4 protein chains.
Amino acid sequence: MPIQARSRERVERILDATAQLVLVDGIDGLTTRGIADAAELPVASLYQYFSDKDAVLLALCERDMAEMDDQVARDLAAVADLTIASMVETAMRAFVKVYHRRPAFMQIWMRGRTNNAIYDYGRHHNKRIAENLLAVAASARIVDTEAYTAAELAALAELAVEVGDRAFQLAFERDPRGDNFLLDQAIELVTGYLERIAKRP
Amino acid sequence: MPIQARSRERVERILDATAQLVLVDGIDGLTTRGIADAAELPVASLYQYFSDKDAVLLALCERDMAEMDDQVARDLAAVADLTIASMVETAMRAFVKVYHRRPAFMQIWMRGRTNNAIYDYGRHHNKRIAENLLAVAASARIVDTEAYTAAELAALAELAVEVGDRAFQLAFERDPRGDNFLLDQAIELVTGYLERIAKRP
Amino acid sequence: MPIQARSRERVERILDATAQLVLVDGIDGLTTRGIADAAELPVASLYQYFSDKDAVLLALCERDMAEMDDQVARDLAAVADLTIASMVETAMRAFVKVYHRRPAFMQIWMRGRTNNAIYDYGRHHNKRIAENLLAVAASARIVDTEAYTAAELAALAELAVEVGDRAFQLAFERDPRGDNFLLDQAIELVTGYLERIAKRP
Amino acid sequence: MPIQARSRERVERILDATAQLVLVDGIDGLTTRGIADAAELPVASLYQYFSDKDAVLLALCERDMAEMDDQVARDLAAVADLTIASMVETAMRAFVKVYHRRPAFMQIWMRGRTNNAIYDYGRHHNKRIAENLLAVAASARIVDTEAYTAAELAALAELAVEVGDRAFQLAFERDPRGDNFLLDQAIELVTGYLERIAKRP
DNA sequence: AATGAATGAGATTTCATTCAT
DNA sequence: CATGAATGAAATCTCATTCAT
């Protein structure tokens with residue numbers, strides 16, 4: 001097996017093992033030895049692939065986040081009539097799909113944010129999501145660029161994403177599959193809020 | 001100095017020290033030794049006042065939460081014309097006042113909720129706040145009790161409280177005094193969302 | 001209530017509480033706080049009656065040992081025909097009686113001898129028992145004082161007591177009431193051994 | 001130095017250090033820090049070789065017990081005329097040899113048996129010694145298998161071993177090399193007791 | 001005499017990380 | 001590259017004992 005492939009395989013195994021462990025023991029219970037054991041490799045070998053423990057968590061987030069971004073992009077591309085409402089709904093439903101597909105990721109995301117690395121990554125990622133969605137909306141010319149400055153729009157978008165995030169947290173806390181009533185409400189809430197930036201006809 | 005007063009003073013010192021430390025090092029960085037050093041007393045003495053580390057955190061939350069509840073109650077009592085909008089604004093501004101007075105509390109509240117003790121307390125408290133506000137609104141007959149079931153109203157209120165929390169977190173992250181634009185937006189967001197439960201004329 | 005009486009009552013309560021605790025948690029689990037709680041008095045008050053924790057254990061042994069000595073003396077006094085065999089049997093059966101009456105004492109005695117205080121007390125007491133029994137036997141003129149020096153007799157007697165002690169330990173380990181087969185064997189063993197010091201007719 | 005040898009050497013050093021410490025401070029005074037200091041290695045390294053404190057004690061017992069078993073087996077093999085008396089004497093003298101070689105072991109053995117790990121191991125080992133000796137005696141056809149049931153024989157043998165243990169303890173307490181008079185008496189005592197199971201001609 | 005409060009001094013164990021090979 | 005082994009640095013909590021009142 002070529003070294004690179006072996007390396008990639010091991011990294012995946014580490015990430016999967018970490019995901020499983022977080023699911024079972026929570027973020028606080030996570031140890032390097034635990035990860036190594038679960039991934040069936042020596043502890044010291046972890047450090048060949050990751051600089052430290054936080055880096056593992058981060059990589060896990062990144063991997064699954066990339067999947068989430070893909071899902072959002074793909075689903076948005078399939079929307080015929082792009083409005084603020086359809087965008088919000090599509091994006092948020094895409095999130096839910098990935099949370100369902102990756103329960104461990106959901107756990108880490110929802111409950112693991114005391115870890116500074118994850119927390120910071122989360123803030124950073126939410127900001128990027130907000131920017132991306134704003135860009136899509138802008139290029140679809142569905143944003144009222146006259147009533148708000150660019151900075152205000154950015155702040156609004158980020159607020160909306162964060163608030164949606166928290167609402168989902170609540171929904172997934174109540175039910176590991178996401179409480180349906182709360183999911184719907186979350187979407188309504190964010191939609192309602194963001195419609196103020198929709199272009200007035 | 002009477003013993004009881006001395007004891008209370010020490011407890012306060014422990015709580016204040018804890019608050020400072022959480023602010024600086026985060027919840028994960030909190031250690032009993034750290035608390036004791038900061039509070040200038042022997043580690044063993046911590047255990048006279050608190051059964052364990054979690055209990056300290058919990059007490060801190062309780063202390064500041066009580067203050068927050070007071071503030072909200074007092075400010076709401078002073079509102080002449082009670083509407084959903086005036087309630088939300090009054091309550092949220094009351095929160096801001098307390099966050100100003102107790103910056104450490106905000107941090108703990110916003111970032112400390114993976115700690116089980118805090119988490120449970122937080123969920124419980126938010127729920128209670130939501131219930132209280134809902135009760136006030138109901139007795140002022142400004143809630144549309146026909147369009148929603150009681151359970152739905154409870155869920156809506158809780159969601160609003162949690163989402164307001166998160167929005168405030170963002171505002172206070174950007175600016176230690178709370179970013180004004182974001183604070184306003186937060187209030188608008190929650191108000192907008194909750195107005196759907198206002199009684200239709 | 002006169003102070004002395006109150007004091008004696010408290011000492012008894014401490015001793016009883018200690019006995020119970022040892023029975024439940026073993027010697028290693030014993031704490032001053034535990035004793036105080038069980039005896040329903042403040043920890044600090046323990047130190048009014050005992051110099052330290054070991055002193056409590058020691059006092060407990062002494063109290064029950066005194067009872068044991070009484071039992072032996074009383075039972076021996078009732079023996080009509082004093083021989084080595086009847087002495088050994090009577091004394092050992094008296095031990096068993098007290099072990100039955102005082103199960104906590106039995107526990108401490110049988111399993112608590114890692115504690116230095118208890119261990120030393122045990123050695124000391126076994127020696128005294130040996131001396132006493134030897135004195136009784138000598139005054140009943142059933143000992144062969146010609147074949148052995150006084151020092152040898154003392155050593156023999158002590159060995160017999162210690163060995164009997166260990167045999168009982170085994171018997172009470174196997175069965176909290178004392179395994180009957182082993183109890184009988186223990187008596188036979190000690191009797192058989194000591195008969196060598198019986199006066200030859 | 002090859003790693004395995006280094007590891008074995010360290011384990012030995014830990015065991016020796018433990019033995020010394022138990023000898024000086026008793027079992028209760030034993031601490032992981034103490035062991036580590038005496039063995040001149042970091043406390044954390046203890047846990048590379050042993051799962052916890054009890055495991056160290058246990059390993060110490062096992063090591064010395066193995067030596068004792070060897071000694072007994074070797075010496076018994078050299079006995080020409082196997083009788084109960086010669087067996088008992090040979091075995092007990094073999095014990096003495098090992099106690100001489102391993103004074104710490106005797107201490108641990110005699111005083112450490114409240115520690116659960118050691119206690120359980122001790123009971124188990126004494127039983128096995130008793131069984132082994134009984135088996136040797138049986139195969140040499142020097143046991144009266146008609147007067148006693150197998151269970152009784154087993155109990156008798158175990159009692160004899162335990163009682164011999166205790167007698168030896170006394171002998172070694174009085175004199176670090178083992179008081180000769182008491183050693184002789186111990187052998188006589190056990191021999192005398194066990195001869196009842198010798199086959200009647 | 002009585003006691004609530006205070007504390008010095010550890011004890012055991014865990015863990016992330018680093019080397020030497 | 002890979003890894004078994006090693007370890008510095010803590011962390012939490014307990015407990016016997018002592019004071020000040």
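The analysis underlying the following values was restricted to heavy atoms, covering all of them including side chains, and did not include hydrogens, waters or symmetry mates. Note that this is a predicted model, so its numbers are computed, not measured. Proteins get letters first, then strands, A, B, ... in listed order; numbering begins at 1 in each.
Rounded to an integer number of Å, the gap from A:Glu40 CD to F:dA2 P is 16 Å. Rounded to an integer number of Å, the gap from C:Asp28 CG to F:dA16 P is 11 Å. Separating the CG atom of B:Asp37 from the P atom of E:dG8 is a distance of 12 Å, rounded to the nearest angstrom. At whole-Å resolution of the value, CZ in B:Arg10 and C1' in E:dA6 are 7 Å apart. Atom CG of A:Leu30 and atom C1' of E:dC15 are 12 Å apart (whole Å). In this structure, the CD1 atom of A:Ile14 is 14 Å from the P atom of E:dA16, given to the nearest Å. Atom CD1 in D:Ile35 sits roughly 12 Å away from atom C1' in E:dA11 (whole-Å rounding). As rounded to whole Å, 16 Å separates atom C1' of F:dA5 from atom CZ of D:Arg8.
Residues D:Leu30 and D:Leu57 meet the side-chain proximity criterion, which asks for heavy atoms closer than 4.5 Å.
Note that OG1 of C:Thr31 is 7.5 Å distant from CG of C:Asp37, once rounded to the nearest 0.5 Å. Here CD1 of C:Ile118 is found 7.5 Å from CG of C:Leu58. Values are rounded to the nearest 0.5 Å. Remark: C:Cys61 SG to C:Asp120 CG distance equals 11.5 Å, nearest 0.5 Å.
The side chain of C:Arg33 has E:dA6 as its nearest neighbour among E:dT17, E:dA6, E:dT18. Closest to the C:Ala44 side chain, of the nucleotides E:dG4, F:dA2, F:dG4, is E:dG4. The nucleotide whose nearest atom lies closest to any side-chain atom of C:Thr32 is, among E:dT7, F:dT3, F:dT17, F:dT17.
In secondary-structure terms, DNA chain F builds stems of at least 3 consecutive Watson-Crick or G-U pairs, each pair having both distances under 3.5 Å, at E:2-21 with F:2-21.
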Working note: B:Glu40 + B:Arg13, criterion salt bridge (Lys or Arg N to Asp or Glu O under 4.0 Å); need CA distance, chi angles, decisive distance, verdict. CA-CA 9 Å; B:Glu40 290 181 305; B:Arg13 223 165 59 223; 5.2 Å; no
Let's go through C:Arg63 and C:Glu12 carefully: what are the C-alpha distance in whole Å and the side-chain angles of both, what is the deciding distance for side-chain contact (heavy atoms from CB on, under 4.5 Å) to 0.1 Å, and is it a yes or a no? CA-CA 10 Å; C:Arg63 182 183 71 172; C:Glu12 286 300 308; 2.7 Å; yes
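The 5' end of DNA chain E is approached more closely, in terms of each residue's nearest nucleotide, by C:Pro42 than by the other of C:Pro42 and D:Thr31.
Distances shorter than 4.0 Å separate none of the side-chain N or O atoms of C:Ser45 from OP1 or OP2 on E:dA2.
The local environment of CZ in A:Arg128 is crowded, with over 12 non-hydrogen atoms from other residues, nucleotides or ligands closer than 6.0 Å.
Contact between C:Asp52 and C:Tyr47 at its shortest, heavy atoms only, is CA-CE2, 4.1 Å.
A heavy-atom distance below 4.0 Å to DNA chain E is reached by these residues of residues 46-54 of chain A, ordered by number: A:Tyr47, A:Asp52, A:Lys53.
A side-chain contact (heavy atoms from CB on, under 4.5 Å) with D:Phe50 holds for exactly one of D:Leu15, D:Thr18, D:Ile35; it is D:Leu15.
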